[in-house]
Protein chains: 2
Amino acid sequence: MGLRERKKEKTRLAILDAALDLFLEQGYESTTVEQIAGAVDVSPRTFFRYFTSKDHLVLWFHDHGEEIMLETLSSRPADEPAFTSLMHAMRAVLEDVEGSTPDDRERFLKLRRLLDEHPRLVGLSVARGAQTDRRLVEVVAARRGVDPDEDQLSHLIVAFASCTMRVGFECPRRDATVPEISRRMAETIELAERSLQPGWDR
Amino acid sequence: MGLRERKKEKTRLAILDAALDLFLEQGYESTTVEQIAGAVDVSPRTFFRYFTSKDHLVLWFHDHGEEIMLETLSSRPADEPAFTSLMHAMRAVLEDVEGSTPDDRERFLKLRRLLDEHPRLVGLSVARGAQTDRRLVEVVAARRGVDPDEDQLSHLIVAFASCTMRVGFECPRRDATVPEISRRMAETIELAERSLQPGWDR
DNA sequence: TGACTTATGGCACACTGTGACAGAAAGGTT
DNA sequence: AACCTTTCTGTCACAGTGTGCCATAAGTCA
């Protein structure tokens, strides 16, 4: 990894951190790209080379999470019920956060607080989730050997899984820690599994 | 209803229709507000007085749908399981479409085709849905006599209901008719109910 | 060092969305 | 009818996001 790549990654994180702090301090809408860029001594034009949009700052986590979910999903035994596999994939995302650097964990928590305070951003997040869902449906349908356009159950399995994840992610405590969120998520998963008919996902 | 009100409603629908047609014809992103306003001989500034944003055009249906759902929900017996009530609320929305004017049905179908062709707009739609969900959670939690911040089940019930609705709404046929969508939705509801433990929603 | 590749900054630009104000249209009153 | 009031509309100016384009600076490799 050359100097160039390291420098790019550093700039990327500097922008992200500056943005998260500004957002939490003075709100999302009232923070301009110019301010964010200014805070890390970069031109606004360059900002848009690192993040395709202001919104993308909030979604940076999703890109990573989606990747982990797809990887985990493909590593699960093919005969495991799809919903169970998806729950494992979801847990893998949280385990990844737990195992990451303190800086990354802090970014994760700041983002969570940000989402908590700005409903509009939750909308952004679920919209991005819908995109992930479409990809997950492809995988789930393939595993079940059905056509994703025809099989409603594949859609329902992914949809139920993804909203279980969302419900678990909403933690009532504003300053929740990572383990607290994990525990909350585990509770939600358990609740969802108790609510569903055994074998409903084949 | 005076001339003023009638004229406003006419302009509103004219803008909506022009926009839907332009979107379907040349895509959402590549249609500008100026074009839409121009097509109905109105200034761009006036456009924004009828629709707070370009996105709002796509969400006009949700405002109405949310209203119907909240109304229906409050008219259901208080001891009915929450998920069942929500499924009734959802059906009420479709029944409203079925019972509306041919023009309104056509708008509904055009919107559906638009969503089908533009994944980004689906994101918008689910983001708006998240907003509705928050309101529904309030009602459901109140009915169940629990604190919405503490009770995960209320959140899960609403989340499952709303994604059942979304799955049912996605119809594989691009040029589906209203009855076809209704039938599809009924199938999805049945599938969801079969997948859930009896009494899971208390 | 020099040649090559890639990142950056600055500029012009298109588009969305908002506040402010002046004039036009609609509604009501005598 | 004339008049006043309320509400809608267009125009203008402006802030902010996001994109192409090009010259320049910085990193890479010989």
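Because its NZ or CZ atom is both nearer than 6.0 Å to the ring centre of B:Phe51 and within 45° of the ring axis, B:Arg12 counts as a cation-pi partner of that residue. For the pair A:Lys54 and A:Tyr28, the cation-pi test (distance below 6.0 Å, angle within 45°) is passed.
Taking the 5' to 3' direction, DNA chain C first and last meets chain B under 4.0 angstrom from a heavy atom at C:dC15 to C:dG27.
How far CG of A:Leu136 is from CD of A:Gln131: 11.0 Å, rounded to the nearest 0.5 Å. Atom CG of B:Leu13 and atom CZ of B:Arg107 lie 4.5 Å apart (nearest 0.5 Å). Once rounded to the nearest 0.5 Å, the distance linking CD of B:Glu29 with CZ of B:Arg120 reads 5.0 Å. The CZ atom of A:Arg76 lies 8.5 Å from the OG1 atom of A:Thr84; values are rounded to the nearest 0.5 Å. Interatomic distance, B:Met185 CE to B:Glu170 CD, rounded to the nearest 0.5 Å: 10.0 Å.
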Problem set entry | side-chain contact (heavy atoms from CB on, under 4.5 Å) assessment of B:Phe61 paired with B:Val93 | CA-CA 10 Å; B:Phe61 175 73; B:Val93 175; 3.9 Å; yes
Exercise. Checking salt bridge (Lys or Arg N to Asp or Glu O under 4.0 Å) for the pair B:Glu106/B:Lys110: CA distance, chi angles, key distance, verdict?
Worked result: CA-CA 6 Å; B:Glu106 202 184 319; B:Lys110 278 184 183 170; 3.4 Å; yes
Problem set entry | Per-nucleotide protein contact string for nucleotides 24-30 of chain D, where B marks a base within reach and S marks sugar-phosphate only (heavy atoms under 4.0 Å, - for neither) | --BBS--
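In this pair, A:Phe160 and A:Trp200 present their aromatic rings tilted. The plane angle is within the 30 to 60° band.
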Could you go over nucleotides 15-19 of chain D and give all protein N or O partners under 3.5 Å, atom names and distances?
residue, atom, partner, partner atom, Å
D:dT17, OP1, A:Val33, N, 3.3
D:dT17, OP1, A:Lys54, NZ, 3.4
D:dT17, OP2, A:Val33, N, 3.2
D:dG18, OP2, A:Lys54, N, 2.7
D:dT19, OP2, A:Thr52, O, 3.4

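Heavy-atom distances to DNA chain D give each of B:Tyr50 and A:Arg49 a nearest nucleotide, and the one nearer the 5′ end belongs to B:Tyr50.
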